[in-house]
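Remarks on the structure that follows.
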Amino acid sequence: MIAEAVVTKSASASLLGRWESRLKVPGLLLVVFCFAFVRDLSLLPLLLPAAALIYAVSGLPLKHLTARMRLPGFFLLAMALILPFWSGQTVLWQLGPLALRQEGLLSLLLIVVKFFAILTVVIALFGTTSLPKLTVALRSLGIPWLITDLLLFTYRYLYQLASDLRRMRTAARLRGFAGNSLFALKPLAYIAGTMLVRSHEQSERVFQAMILRGYGNGSLPLPPFRPLPADYLLLAASIFLSALLILLQFII
Amino acid sequence: MHIPDGIISASAAIGGYAATGGLTWLSLRRIKKQYDNARNEIPRAALLTAAFFVASLIHIPLPPVSVHLVLSGLIGIMLGWFSFPAILVGLLLQAVMFQHGGLTTLGINACLMGIPALLAYYIFRLRILFGREKPFPNGLFAFTASFAAIALGATMAAFLLVYATPAYFDAAAERQAVIALSLAHLPVALIEGVFTAMVVLFLLKVKPTLLDGDRP
């Protein structure tokens, strides 16, 4: 039900995996924002190879990529069914009331290529950065501790709650609950309510235990920041790629 | 109601991040004013964030399809000003773990869920005027809050999809598209409203303190 955000051995040994997260996160974020900035169709042939190169140095298997593309792909399918037929004036081909329009097709092409390019880089980024490392990077980017603490705690509780929910639903099924009509709304609401009450009571116990262990007395220091020349080189490469995309955007 | 990467223009994505930054700052300020030690509230907020995350995996049968819960109304009701950072964290985790929802659009999506959650929080607080412990105002305002949250979120998303995508619709078609996309969410908003009212009535019986997200 919930995929674990773990970094595999091959991914953490790869070039991207060894890149200091405090430079990798801002570097790759810059790249995806510049991908999002592209409005010109003639720049599209540059996006896919760039994204493929970044994915290639992540050490992640291709299956990892395709498995994660499936779910957002449905949204893209919906756009593919709407845009070419409703957007624009230039009719390319007509069949009864259906007209294939040029502007719609071109904007669909732009959306699809940008979508795949951005998602590929994002998957490479999160596939090679563990959550604790991501938190450190976010802290050094100036994200308040309240947000990063919330992030770590939420992640910590996710799996437990997911298994709680699974247990409750199994119990409900054993009692003959099918949950396939609108009448299932009330039992489902009670299951959700029970989960909230249970997790709240548990959070109070956890909090007491944490205070006993010294939580709340200032935030923990971040691990030392000792980047290698290669870390800066990778950052320079991503800044170069981003600058190139923006420059070409203005020249073309 | 998530807007994925690559669909909307970069300026809209950056605008979304700016708005999220401002709202997060405002929320943190309100939180620090409301609680003596905001750190004490983190375990509770995190557990509820995780619970909402997991509960949104529950699919409600709406024959012939099934819809999954958004829960932005319930998050607002139970977490108050904590709901905006909680939603931001939930969406970030979703982007990290499933690459679902988008990273460049994280700011936009946080606003699409977070602003309705804050609206729901204030609507639900109106129940105090009619009696905090009475079931009827609790149920009514929970329904209204959640319905309004979904309706607002869907309308905002529809506006963005129509006006901030690189598409060339004519003005009349754009208006129609916004109306159609918002109306398509009407059944979802109704179900979500009824569901939230049921959860609130359940909590009122079992653990009413959970509904006072606004009181430390």
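Hydrogens, waters and symmetry mates play no part in the numbers below; they use all other heavy atoms, side chains included. Letters A, B, ... are given to chains in the order of the sequence lines, protein chains preceding strands, and every chain is numbered from 1.
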Examine whether an atom of [X] lies under 4.5 Å from a heavy atom of chain B, and if so say whether it belongs to the side chain, the backbone or both; otherwise answer neither.
| X | answer |
| --- | --- |
| A:V197 | both |
| A:L138 | side chain |
| A:L29 | side chain |
| A:T148 | neither |

Between B:S83 and B:L79, is there a donor-acceptor pair closer than 3.5 Å when you use the side chain of the first and the backbone of the second?
no

Short side-chain to backbone donor-acceptor contact, A:T129 and A:F126, under 3.5 Å:
no

[X] versus chain A, the contacting section by heavy-atom distance below 4.5 Å:
| X | answer |
| --- | --- |
| B:L74 | side chain |
| B:T24 | side chain |
| B:V199 | both |

Top contributor to chain B interface from A:E204, A:M195, A:R198, A:H200 [non-hydrogen pairs under 4.5 Å]
A:H200

Would you call the rings of A:Y155 and A:Y159 parallel, tilted or perpendicular if under 30° counts as parallel and over 60° as perpendicular?
perpendicular

Geometric class of the B:F202/A:Y190 ring pair [parallel <30°, tilted 30-60°, perpendicular >60°]
tilted

Using a cut-off of under 4.5 Å on heavy-atom pairs, state which of [options] scores highest against chain A.
| options | result |
| --- | --- |
| B:L48, B:L28, B:I14 | B:L28 |
| B:S11, B:A45, B:G21, B:A50 | B:A50 |
| B:A86, B:A46, B:A51 | B:A46 |
| B:L203, B:V194, B:L88, B:I42 | B:I42 |

Holding to salt bridge (Lys or Arg N to Asp or Glu O under 4.0 Å), I want the full list of residues that pass it with A:R213, two or more places apart in sequence or in another chain.
none

Cation-pi between A:R205 and A:F207: NZ/CZ under 6.0 Å from ring centre and within 45° of the ring axis?
no

Using the side chain to side chain contact (heavy atoms under 4.5 Å, CB included) rule, take B:F147 and B:L186 through it: C-alpha gap first, then chi angles, then the decisive distance, then the call.
CA-CA 9 Å; B:F147 182 85; B:L186 205 62; 3.9 Å; yes

